[in-house]
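One-based numbering along the sequence shown.
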Amino acid sequence: SFIGGWSQDSLVSYVVISASEATSLILVLNGQFVAYKKLPAINLAATADLQRDQFNLFWAEMARHINYYLDCLDKKYSLKFFMSGEVWQNLEKNSLFKNVFKEYFLNASSFGGVDLSSILEVEGVEPDMLDVLQHDLLGGAMMYGNE
């Protein structure tokens with residue numbers, strides 16, 4: 001599956017940052033589902049100072065989960081991040097968001113966005129519904145394989 005390929009010898013974090021739902025994190029290692037976590041929401045309407053605090057909280061919480069799993073493993077794995085969701089479309093261009101990310105994950109080998117429709121069959125699903133369902137769809141693909 002695509003997930004198996006992305007996560008060979010890597011701990012992959014797939015993050016959906018939604019405007020209406022809580023942000024969620026799926027961790028995958030060597031094609032195997034590791035964990036599903038909720039993360040702090042991000043309010044893009046906040047002032048710059050508040051945004052820095054939000055981004056710090058967001059990445060610190062993610063680092064806490066990821067480092068916990070890495071500490072349980074018997075060898076070093078590279079880190080890859082794939083982001084999606086409607087809030088990500090705006091954060092993608094936000095240098096503060098990326099700079100705070102680098103403060104926490106200096107050694108990440110990959111950081112970028114992924115459009116769910118490019119990796120799963122979503123024909124006929126309404127875009128609004130896709131935003132709500134995408135983590136369930138991705139989680140299912142990870143747990144049961146995307147043959």
S.K.: Transitively linked via ILVMFWY side-chain contacts under 4.5 Å: Leu57 with Trp88?
M.R.: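 Different clusters.
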S.K.: Looking at side-chain heavy atoms only, is the closest gap between Ile42 and Gln51 below 4.5 Å?
M.R.: no
S.K.: Hey, can you tell me if Phe58 and Phe97 have their rings parallel, tilted or perpendicular (30° and 60° cut-offs)?
M.R.: tilted
S.K.: Give, for atom NE2 of His65 and atom CG of Leu70, the distance between the pair rounded to the nearest 0.5 Å.
M.R.: 13.0 Å
S.K.: Does the ring centre of Phe101 sit less than 6.0 Å away from the ring centre of Phe81?
M.R.: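 For Phe81 and Phe101, the ring centres are under 6.0 Å apart.
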S.K.: I'd like to check Leu25 versus Glu61 (side-chain heavy atoms, cut-off strictly below 4.5 Å). Are they in contact?
M.R.: no
S.K.: When you measure from the side chain of Ser18 to the backbone of Thr23, do you find a donor-acceptor pair of N or O atoms at a distance under 3.5 Å?
M.R.: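 Checking the backbone N and O of Thr23 against the side chain of Ser18, no donor-acceptor pair under 3.5 Å is found.
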S.K.: Find the distance between CH2 (Trp59) and CG (Asn99) and round it off to the nearest 0.5 Å.
M.R.: 12.0 Å
S.K.: Return yes when atom NZ of Lys76 has more than 12 non-hydrogen atoms of other residues, nucleotides or ligands closer than 6.0 Å, and no otherwise.
M.R.: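 At most 12 heavy atoms, drawn from other residues, nucleotides or ligands, come within 6.0 Å of this atom.
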S.K.: Once you round to the nearest 0.5 Å, how far does CD1 of Ile17 lie from CD of Gln89?
M.R.: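 Result: 10.0 Å between the selected atoms.
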S.K.: Testing the basics here: between Gln54 and Ala46, what is the closest heavy-atom pair and its distance to 0.1 Å?
M.R.: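 Taking Gln54 first and Ala46 second, the nearest heavy atoms are NE2-CB, 3.5 Å.
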S.K.: In this structure, would Leu39 and Leu96 fall into the same cluster of hydrophobic residues linked by side-chain contacts under 4.5 Å?
M.R.: yes
S.K.: So do the side chains of Tyr77 and Asn30 get within less than 4.5 Å of each other, counting heavy atoms only?
M.R.: yes
S.K.: Atom OH of Tyr69 and atom CG of Leu29: how far apart are they, to the nearest 0.5 Å?
M.R.: 12.0 Å
S.K.: Could you tell me whether the side chain of Tyr68 reaches within less than 4.5 Å of the side chain of Leu27, counting heavy atoms only?
M.R.: no
S.K.: Please tell me if the side chains of Met83 and Phe111 come closer than 4.5 Å, counting only heavy atoms from C-beta onward.
M.R.: yes
S.K.: Side chain of Lys80, backbone of Ser109: donor and acceptor closer than 3.5 Å?
M.R.: no
S.K.: Does the side chain of Phe55 come within less than 4.5 Å of Leu91's, by heavy atoms?
M.R.: yes
S.K.: What closest approach, in Å, do Glu92 and Lys98 show between heavy atoms, and which atom pair accounts for it?
M.R.: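 Shortest heavy-atom separation between Glu92 and Lys98 comes out as O-NZ, 2.8 Å.
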S.K.: So do Val28 and Tyr14 actually touch side chain to side chain, heavy atoms under 4.5 Å?
M.R.: no
